Amino acid sequence: MATYTPPLRDMQFLMHEVFKVTDDFKAIPKYADADADTINAVLEEAGKFAAEVTFPLNISGDEEGCKLDITTHAVTTPKGFKEAYAKYVEGGWPALSCDPAFGGQGLPLVVNQCFYEMLNSANQAWTMYPGLTHGAHAALHTHGTEEQKQTYLHKMTSGEWTGTMCLTEAHCGTDLGLMRTKAEALPDGTYKITGNKIFISAGEHDMAGNIIHLVLARLTDAPPGIKGVSLFIVPKFMVNKDGSLGARNGIYCGGLEHKMGIHGNATAQIVIDGAIGTLVGQPNKGMQGMFVMMNAARLGVGNQSLGLTEVAYQNALAYAKDRIQMRSLSGPKAKDQPADPIIVHPDVRKMLLTAKAYAEGGRALATFCAVLLDKAHSHPDEKVRKDSDEMLSLLTPIVKAFLTDNGHISTNACLQVFGGHGFIKEWGMEQFVRDNRINMIYEGTNTIQSLDLLGRKVLGNNGATLKKFGKLIGALVEEEGVNEKMAEFINPLAYLGDQMNKFTTELGFKGFQNPDEVGAAAVDYLRVAGHLVFGYFFARMAQVALREIAAGNNDPFYLAKLQTTRFYFAKLFPETATLMRSARAGSKVLIDTDAALA
């Protein structure tokens with residue numbers, strides 16, 4: 001049976017020793033009182049909730065799945081899910097980082113991000129029910145009218161109501177301009193909406209009193225394509241003026257998808273049969289509101305894979321220490337046993353360290369981005385807000401794609417550590433692999449993220465934002481360039497930083513001549529960029545660890561951090577050379593293949 005221990009020490013290390021988040025918060029009035037002790041205390045209790053309430057439901061929820069009553073269209077979640085959600089609401093957890101104006105606790109978003117990493121480790125399928133609500137909440141908070149905010153945000157903040165995002169249709173996923181769902185204006189200012197959506201996570205369930213669907217649809221006079229898409233609030237139950245629930249709306253679950261993983265989450269086929277909705281934002285400008293949800297979801301999906309990477313690593317490590325098999329190539333290590341524990345074998349260690357490195361690098365990136373989000377939303381200085389938002393825009397596709405790809409690598413590696421037992425359901429490892437697989441697909445496939453990074457975020461502004469990240473690297477190189485103990489980290493980081501500028505310029509020139517060159521190189525490019533970002537954060541973590549050790553701190557945590565950093569730079573970071581060579585191979589070997597693909 002799988003186990004889970006929240007990685008609180010590593011979270012504290014990143015927030016308080018590497019990034020010194022409370023220094024940033026002192027410049028943000030509403031977070032000025034968020035000190036380290038408060039953050040640590042909240043996360044300690046959050047970890048207990050994840051480990052003790054939601055984690056025990058992970059395997060059982062996967063086995064039971066959700067059930068649809070086709071006559072009433074009601075969905076029943078797995079045993080214990082509803083009760084766990086009630087405890088979540090009772091504990092005030094939905095309100096953790098929400099606006100106090102709507103009943104939120106107003107803690108920094110980075111605290112909520114750490115909480116959700118732990119929830120994703122514990123039970124990704126369960127976590128998606130409250131998790132999607134945060135994105136819907138953010139979209140309404142940003143683009144909703146005052147009446148809409150007052151009607152919906154208080155109950156979404158408390159967790160009494162949950163939210164979804166209804167985008168995908170059977171014939172269109174990424175290409176939302178092809179959607180057919182229609183919205184007809186009514187005399188009272190509302191809209192009658194008709195259509196069908198698929199793959200709607202948490203689209204119907206029994207855990208909350210109401211579900212607030214944010215639906216993309218076309219007005220009857222809308223222009224074609226993506227410029228003709230509008231966003232609507234379509235609640236499961238209509239809401240009366242006094243806030244009480246009214247009549248059942250014409251939006252319901254017509255079927256549940258039968259999936260590879262996340263069985264405990266209701267991935268619904270949603271039928272919208274003349275449902276009443278209200279417009280969010282301006283007509284035909286629906287993507288503005290939806291992108292608030294989508295960007296939040298992309299950060300959240302990266303966080304899902306981070307959580308699965310961590311829990312898979314923890315269980316593989318424990319198994320490798322306990323399982324005895326064969327003798328070490330360099331001679332017996334457990335002489336009192338008939339065989340050595342498999343952790344003595346080099347390749348087992350490589351698999352374990354790969355997952356550990358991808359978890360710790362991913363946590364550093366996710367934490368950094370959460371602080372950027374806090375500053376982009378709440379810093380009093382407009383320039384800081386703008387710069388933070390710009391950097392976050394660059395890093396978001398990396399969070400989504402690099403962390404989920406790494407989650408795929410890591411969960412598979414951890415399953416491999418278990419050998420045949422990893423393939424058996426009762427150990428829990430194969431579920432981590434299955435649950436992670438969707439993370440590479442939804443909220444924009446990782447190829448879409450790669451095209452977004454290279455085509456829009458980098459080449460779209462001639463590499464200006466990438467150069468700003470390069471300045472962070474340059475500052476660290478200048479600070480530590482003469483430190484011999486940092487050389488093994490600084491030298492490869494500085495070299496890749498230099499190569500990245502040349503690599504980007506080369507791809508931009510080729511892409512200008514033939515856009516297919518961007519499409520052919522984008523996935524490799526994002527992975528190189530991911531390693532550049534991870535390399536920077538690992539170097540910063542090593543910098544702190546070396547300083548602590550030099551000051552006489554004997555906490556083994558710092559030695560472990562150094563050893564993980566050395567492994568990362570020696571065994572994982574060099575992948576960048578192969579990736580750049582592959583990207584430079586160009587599009588011809590892909591496009592000029594009609595005979596091969598006949």
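The structure presented is a predicted model; accordingly, all values stated were derived computationally and were not measured.
- Not one N or O on the side chain of Lys87 forms a donor-acceptor pair closer than 3.5 Å with the backbone of Phe49.
- Distance SG/Cys98 to CG/Leu109: 9.0 Å, rounded to 0.5 Å.
- When each of Thr77, Thr162, Thr164 is tested with His205 by the rule side chain to side chain donor-acceptor pair (under 3.5 Å), just one qualifies, namely Thr162.
- At least one donor-acceptor pair closer than 3.5 Å links the side chain of Asn295 to the backbone N or O of Phe291.
- Counted within 6.0 Å of CD on Glu147, heavy atoms from surrounding residues, nucleotides or ligands total 12 or fewer; the atom is thus considered open.
- A side-chain contact (heavy atoms from CB on, under 4.5 Å) with Lys197 holds for exactly one of Val271, Leu216, Ile251; it is Leu216.
- Of all heavy-atom pairs between Pro78 and Gly264, the closest is CD-O, 3.7 Å.
- Remark: side-chain polar atoms of Asn303 are not paired, donor with acceptor, to backbone N or O of Leu299 under 3.5 angstrom.
- With no hydrogens or angles considered, no side-chain donor-acceptor pair links Gln113 and Glu117 at under 3.5 Å.
- For Thr133 (side chain) and Gly163 (main-chain N/O), a donor-acceptor pair under 3.5 Å exists by modelled atom type.
- A distance of 11.5 Å separates CG of Leu373 from NZ of Lys375, quoted to the nearest 0.5 Å.
- Side chain of Asn240 to backbone of Asp242: no donor-acceptor contact under 3.5 angstrom is found.
- Without hydrogens or angle criteria, Ser97 side chain to Asn112 main chain gives no donor-acceptor distance under 3.5 Å.
- For Lys227, the NZ atom sits in a loose shell: 12 or fewer heavy atoms of surrounding residues, nucleotides or ligands are nearer than 6.0 Å.
- For the pair Glu310 and Arg363, the salt-bridge criterion is met [side-chain N within less than 4.0 Å of a carboxylate O].
- If you check the side chains of Ser305 and Asn439, you find a donor sitting under 3.5 Å from an acceptor.
- Heavy-atom minimum distance, Tyr191 versus Leu186: C-CD1, 4.1 Å.
- More than 12 heavy atoms of other residues, nucleotides or ligands sit less than 6.0 Å from atom NZ of Lys425.
- Nearest heavy atom pair, residue Met165 against residue Met294, reads CE-CG, 3.6 Å.
- Looking at Glu443, its side chain never comes within 3.5 Å of a backbone N or O of Val301 through a donor-acceptor pair.
- More than 12 heavy-atom neighbours from other residues, nucleotides or ligands sit within 6.0 angstrom of NZ on Lys259.
- The main-chain N or O of Arg218 is never found under 3.5 Å from a side-chain atom of Arg180 such that the two would form a donor-acceptor pair.
- The pair Glu430-Arg434 meets the salt-bridge criterion, with a side-chain N (NZ, NE, NH1 or NH2) lying under 4.0 Å from an Asp/Glu carboxylate O.
- A 6.0 Å sphere centred on CG of Asp33 holds no more than 12 heavy atoms belonging to other residues, nucleotides or ligands.
- A donor-acceptor distance shorter than 3.5 angstrom exists from the side chain of Trp126 to the backbone of Phe81, with no hydrogens or angles considered.
- For Lys182, the NZ atom is densely surrounded, since the number of other residues' heavy atoms within 6.0 Å is greater than 12.
- In summary, the side chains of Asn406 and Arg527 do present a donor paired with an acceptor at a separation below 3.5 Å, with no hydrogens or angles considered.
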